[in-house]
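Predicted model, so just to flag it, every value in this text is computed and none were measured. Whatever order the structure lists ligands and atoms in, that order sets their numbers, starting from 1.
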Amino acid sequence: MSSDSHWQQVYTSKATDAVSWYRPHLDRSLAFVDALGLDHDAPIIDVGAGASTLVDDLLARGFRDLTVNDIAEAALAHTRARLSARPAEQRLQCRVGDITTLELPQAHYALWHDRAVFHFLTDAARRDAYVAQSARAVRGGGHLLVATFAPDGPERCSGLPVQRYDADALAAVFAPHFTRIDDAREQHPTPFGTTQSFQYVLLRRRTAPTARA
Ligand SMILES: C[S@@+](CC[C@H](N)C(=O)[O-])C[C@H]1O[C@@H](n2cnc3c(N)ncnc32)[C@H](O)[C@@H]1O
């Protein structure tokens with residue numbers, strides 16, 4: 001089964017609150033966003049957003065330039081349905097596709113958010129493509145907030161193998177383009193009564209190339 005059909009199957013066969021990564025609100029991510037103090041017209045993209053309620057909570061805070069991406073159209077259909085009753089100015093841009101290859105505007109986003117997506121990229125070429133994509137799409141001085149399973153987290157997610165990271169390792173992947181600002185661990189309670197250890201890092205897009213040693 002290809003990656004997109006795997007995810008399409010997940011979002012057409014399971015309730016959105018019956019997947020291990022579900023939480024009613026992405027509180028840890030929202031705490032980072034609140035601390036950044038971004039303008040409400042700052043462009044924000046949530047990559048591999050699934051059916052998460054991050055965008056609902058960002059709209060409630062007054063943000064109005066929001067994009068959600070997912071490889072599974074069915075995931076974004078849940079979000080569109082949930083938000084369909086909102087006024088027109090609170091609508092989202094939905095971009096279906098693989099985030100490593102999707103065409104995105106360059107030097108555009110003030111914040112790139114990823115919870116539990118990058119860790120599925122277990123081969124170097126796709127990881128490199130993701131890093132290059134994020135570096136192209138995030139504006140100078142913009143931020144990248146990435147959360148993966150931590151070293152003491154599960155080895156698989158949704159039945160697929162993942163790469164686990166601590167804060168140093170995760171920041172190192174993006175270091176050619178981004179500077180580390182902050183990090184946090186989170187013990188995520190799944191709907192099944194288990195706990196998953198997550199690692200978050202907050203990075204800032206460099207405005208000038210890194211000096212070579
Ligand atoms: C574990 S879920 C996390 C969903 C959401 N970020 C959250 O925290 O609730 C991973 C999500 O990434 C999406 N995904 C996986 N690979 C992707 C890719 N290459 N490009 C875009 N989305 C992808 C899946 O469809 C799924 O919605």
Practice task
Please report the C-alpha distance between Gln187 and Ser197 in whole Å, then the side-chain angles of each, then the deciding distance to 0.1 Å, and finally whether the side-chain hydrogen bond (donor to acceptor under 3.5 Å, both in side chains) criterion is met.
Solution key: CA-CA 5 Å; Gln187 298 304 318; Ser197 182; 3.3 Å; yes

Practice task
Dump the intermediate steps for ring pair (Phe, Tyr, Trp, His ring centres under 6.0 Å) on Trp112 and Tyr130, then the final yes or no.
Solution key: CA-CA 12 Å; Trp112 171 295; Tyr130 181 108; 5.6 Å; yes

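Near ligand 1, residues Trp7, Tyr11, Trp21, Gly48, Ala49, Gly50, Ser52, Asn69, Asp70, Ile71, Gly97, Asp98, Ile99, Arg115, Ala116, Val117, Phe120, Arg126, Cys157 come within 4.0 angstrom through at least one heavy atom.
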Please set out all donor-acceptor pairs under 3.5 angstrom arising from side-chain atoms of residues 38-51, sequence neighbours excluded.
unit_1, atom_1, unit_2, atom_2, d
His40, NE2, Arg61, O, 2.9
Asp46, OD1, His113, ND1, 2.7

Residues 139-148, side-chain donor-acceptor partners within the protein, below 3.5 Å, at least two apart:
unit_1, atom_1, unit_2, atom_2, d
Arg139, NE, His108, O, 2.9
Arg139, NH2, His108, O, 3.0
His143, NE2, Arg204, NE, 3.4

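Annotation: Trp7 is in aromatic contact with Phe120 [ring centroid separation under 6.0 Å].
The ring pair (Phe, Tyr, Trp, His ring centres under 6.0 Å) search around Tyr165 returns Phe118, not counting sequence neighbours.
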